[in-house]
Amino acid sequence: QVQLVESGGGLVQPGGSLRLSCVASGSIFSINAMDWYRQAPGKQRELVAGSTSGGSTNYADSVKGRFTISRDNAKNTVHLQMNSLKPEDTAVYYCKVVVRPTQLRVWRDYWGQGTQVTVSS
């Protein structure tokens with residue numbers, strides 16, 4: 001069983017910063033992608049930032065230049081540094097990892113429970 005623990009969400013004013021963290025634990029043989037998604041009220045979930053085990057990253061156009069994804073492969077941890085936050089960044093943020101569990105020869109997606117980010121004055 002694989003579990004994700006998210007932290008770092010909260011309430012900030014426009015222009016502020018937050019740093020989200022996600023730690024994967026359990027029976028993990030290998031991890032490929034570690035990504036951040038978000039879902040605002042009334043909208044579909046969207047990819048915010050993605051990363052691969054090889055170091056490739058990608059970002060949604062709306063957050064380029066403001067958000068940075070990073071990871072520590074030795075600790076199965078991914079971070080999302082969010083700067084210059086805007087009200088439109090308000091959403092529930094979810095961590096997703098693509099994992100090959102121990103004892104299985106298949107890749108599976110695992111999701112965190114989500115953490116609320118609210119940007120408001």
Side-chain angles (χ1 to χ4, degrees):
Q1 188 68 34
V2 177
Q3 294 182 331
L4 306 183
V5 179
E6 301 182 26
S7 62
L11 173 65
V12 297
Q13 296 184 2
S17 298
L18 285 174
R19 184 172 184 258
L20 306 182
S21 298
C22 175
V23 181
S25 63
S27 300
I28 299 173
F29 181 82
S30 183
I31 294 179
N32 191 346
M34 302 187 79
D35 305 327
W36 288 99
Y37 288 73
R38 69 185 181 188
Q39 187 166 21
K43 297 183 178 180
Q44 295 185 348
R45 189 171 299 184
E46 64 173 343
L47 178 66
V48 177
S51 69
T52 69
S53 60
S56 178
T57 61
N58 62 282
Y59 299 91
D61 288 340
S62 60
V63 307
K64 287 181 179 178
R66 299 188 297 120
F67 291 11
T68 303
I69 188 171
S70 61
R71 58 194 286 173
D72 185 338
N73 291 325
K75 298 181 178 180
N76 293 332
T77 300
V78 63
H79 304 281
L80 185 67
Q81 179 66 47
M82 304 185 294
N83 299 325
S84 302
L85 284 163
K86 304 175 180 180
E88 49 263 46
D89 295 318
T90 296
V92 178
Y93 284 71
Y94 298 91
C95 175
K96 189 196 80 173
V97 301
V98 181
V99 177
R100 180 184 172 183
T102 302
Q103 85 182 354
L104 295 179
R105 294 180 180 180
V106 61
W107 295 90
R108 299 183 64 180
D109 294 349
Y110 290 86
W111 292 85
Q113 294 299 308
T115 183
Q116 177 71 48
V117 172
T118 302
V119 185
S120 177
S121 60

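None of the values given here were measured: they were computed from a predicted structure.
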Acceptor/donor pairs from residues 18-26 side chains to any protein atom, 3.5 angstrom cut, sequence neighbours excluded:
| unit_1 | atom_1 | unit_2 | atom_2 | d |
| --- | --- | --- | --- | --- |
| R19 | NH2 | H79 | ND1 | 3.3 |
| R19 | NH2 | H79 | NE2 | 3.3 |
| S21 | OG | H79 | ND1 | 2.9 |

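- Atom CD of residue Q1 and atom OG1 of residue T102 lie 12.0 Å apart, to the nearest 0.5 angstrom.
- Residues K86 and V119 share a closest heavy-atom pair of O-CB, 3.3 Å.
- Listed here is the closest heavy atom pair of Q81 and N83: NE2-OD1, 3.0 Å.
- Judged by distance alone, with hydrogens and angles left aside, the side-chain atoms of R100 form no donor-acceptor pair with the main-chain N or O of F29 at under 3.5 Å.
- Residues F67 and V92 do not share a hydrophobic cluster, defined by chaining ILVMFWY side chains whose heavy atoms lie under 4.5 Å apart.
- Between D61 and K64 there is a salt bridge, since at least one side-chain N of the basic residue sits less than 4.0 Å from a carboxylate O of the acidic one.
- Proximity of a side-chain donor or acceptor of R71 to a complementary backbone N or O of A33 within less than 3.5 Å is not detected.
- There is a path of hydrophobic side-chain contacts, each under 4.5 Å, that joins Y110 to L80.
- Checking each of V98, N32, I31 against S53 for a side-chain contact (heavy atoms from CB on, under 4.5 Å) leaves exactly one that passes, namely N32.
- With sequence neighbours excluded, the residues forming a ring-ring contact (aromatic ring centres under 6.0 Å, His included) with W111 are Y37, listed by chain and number.
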TODO: Just do the side-chain contact (heavy atoms from CB on, under 4.5 Å) check on T57 and T68 with the steps written out, would you?
DONE: CA-CA 9 Å; T57 61; T68 303; over 6 Å; no
- [ ] Report the C-alpha separation of V99 and R108 in whole Å, then their side-chain angles, then the decisive distance to 0.1 Å, and conclude whether the side-chain contact (heavy atoms from CB on, under 4.5 Å) test is met.
- [x] CA-CA 5 Å; V99 177; R108 299 183 64 180; 5.8 Å; no
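- The shortest side-chain heavy-atom distance between S30 and W107 falls under the 4.5 Å cut-off.
- Other residues, nucleotides and ligands contribute more than 12 heavy atoms inside 6.0 Å of the CD atom of E46.
- With hydrogens and angles ignored, the 3.5 Å screen pairs a side-chain donor or acceptor of Y59 with a backbone N or O of I69.
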Would you mind writing out the side-chain donor-acceptor pairs for residues 2-16 within the sub-3.5 Å range, not counting sequence neighbours?
| unit_1 | atom_1 | unit_2 | atom_2 | d |
| --- | --- | --- | --- | --- |
| E6 | OE1 | T115 | N | 3.4 |
| E6 | OE2 | C95 | N | 2.9 |
| E6 | OE2 | G114 | N | 3.4 |

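- Y94 has its side chain out of reach of D35: every pair of non-hydrogen atoms, C-beta onward, lies at least 4.5 Å apart.
- Within the 4.5 Å cutoff, the side chain of V117 has heavy atoms near those of the M82 side chain.
- Side-chain contact between T90 and Q116 is present, with at least one heavy-atom pair separated by less than 4.5 Å.
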